[in-house]
Amino acid sequence: MLSKQVSQGSHEKEFKFLIEEYATYINRLAYIYVKDWAIAEDITQDVFLKCFVKLDRFRGKSSYKTWLYKITVNKCKDYLKSKWYRNIFPTDYIKDVLLSTNRTPEHQVVANDEKQALITFILSLPSKYREVIILYYYEQLKIKEIAEITGMKQETIRTRLKRAKHILQSKYERRHFNEHGSAT
């Protein structure tokens with residue numbers, strides 16, 4: 001009985017640590033997929049509920065971060081496939097970002113504009129490219145970790161990263177050309 005109580009106490013401490021360490025990252029990752037903070041928070045809660053239930057079965061074949069990210073990605077994909085999601089119009093993330101811009105000195109406006117353009121371009125990528133870009137660059141996961149999370153081969157991830165970067169570069173060059181006209 002005592003060993004079960006010690007184990008339960010350790011389990012709760014471990015769970016509390018995981019929430020404190022990863023909740024913000026999980027919430028942000030979910031938001032990047034679903035583009036709605038309220039839904040991202042719901043998914044984050046679902047992820048940690050599943051984590052709590054399955055924590056004693058965690059085998060340690062990956063890091064906690066990789067394990068939690070895999071759960072998050074799967075929950076987000078499930079949500080995006082759901083009939084409910086497909087029957088509503090998702091939050092217009094780009095409009096929200098553009099309307100939330102504060103008036104700042106000119107150089108910050110230009111920097112914000114560039115950042116917003118990049119966000120817009122990334123979010124407009126097909127999901128198979130957007131996913132690897134977000135996990136690799138924003139979540140700073142290694143290709144091996146992304147493979148564990150997504151179930152893809154490492155070479156597929158490398159190919160998608162390369163194609164995504166090419167698409168983003170093309171979009172950026174088109175934007176730059178449209179704003180500034182032909183090269184001088």
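The basis for the numbers below is simple: all heavy atoms, side chains too, and nothing from hydrogens, waters or symmetry mates. Throughout, numbering of the chain's residues begins at 1 and tracks the sequence.
- How far NZ of Lys61 is from CD of Glu148: 10.5 Å, rounded to the nearest 0.5 Å.
- Atom OH of residue Tyr138 and atom CD1 of residue Ile133 lie 8.5 Å apart, to the nearest 0.5 angstrom.
- Looking only at atom types and distance, the side chain of Ser124 has a donor-acceptor partner in the side chain of Lys171 under 3.5 Å away.
- Met152 approaches Glu131 most closely through the heavy-atom pair CE-OE1, 3.8 Å.
- Residues Leu55 and Trp67 are in side-chain contact: their nearest non-hydrogen atoms beyond the backbone lie under 4.5 Å apart.
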Begin with the C-alpha distance, continue with both residues' side-chain angles, and end with the deciding distance and a verdict on side chain to side chain contact (heavy atoms under 4.5 Å, CB included) for Thr150 and Leu135.
-> CA-CA 10 Å; Thr150 62; Leu135 293 174; 4.1 Å; yes

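- Taking CG of Leu29 as the start and CG of Leu141 as the end, the distance is 8.5 Å to the nearest 0.5 Å.
- In plain terms, the two heavy atoms of Lys35 and Ile32 that are nearest each other are CG-O, 4.0 Å.
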Under 3.5 Å, sequence neighbours excluded: what are the donor-acceptor pairs made by side chains of residues 158-168?
unit_1: Thr159; atom_1: OG1; unit_2: Glu155; atom_2: O; d: 2.9
unit_1: Lys165; atom_1: NZ; unit_2: Tyr137; atom_2: OH; d: 3.4

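- The side-chain hydrogen bond (donor to acceptor under 3.5 Å, both in side chains) contacts involving residues 44-60 comprise Asn27-Thr44, where partners must be two or more places apart or lie in separate chains.
- Applying the side chain to side chain contact (heavy atoms under 4.5 Å, CB included) rule to Leu49 yields no partners; only residues at least two apart in sequence or on another chain are considered.
- Here Leu68 contributes atom CG and Ile26 contributes atom CD1; the two are 5.0 Å apart, rounded to the nearest 0.5 Å.
- Looking at every heavy atom in both residues, Ile43 comes nearest to Ala30 through CG2-CB, 4.0 Å.
- You'll find the side chain of Ile146 stays beyond 4.5 Å of the side chain of Tyr69, heavy atoms only.
- Contact between Tyr22 and Phe48 at its shortest, heavy atoms only, is C-CZ, 4.1 Å.
- Rounded to the nearest 0.5 angstrom, Cys76 SG and Tyr31 OH are separated by 12.5 Å.
- Closest of all the heavy-atom pairs between Arg130 and Leu125 is NH1-O, 3.2 Å.
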Please step through side chain to side chain contact (heavy atoms under 4.5 Å, CB included) for the pair Lys75 and Ile71, ending with a clear verdict.
-> CA-CA 6 Å; Lys75 292 272 184 196; Ile71 295 170; 4.2 Å; yes

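- Rounded to the nearest 0.5 Å, atoms CD1 (Ile19) and NZ (Lys16) are 9.5 Å apart.
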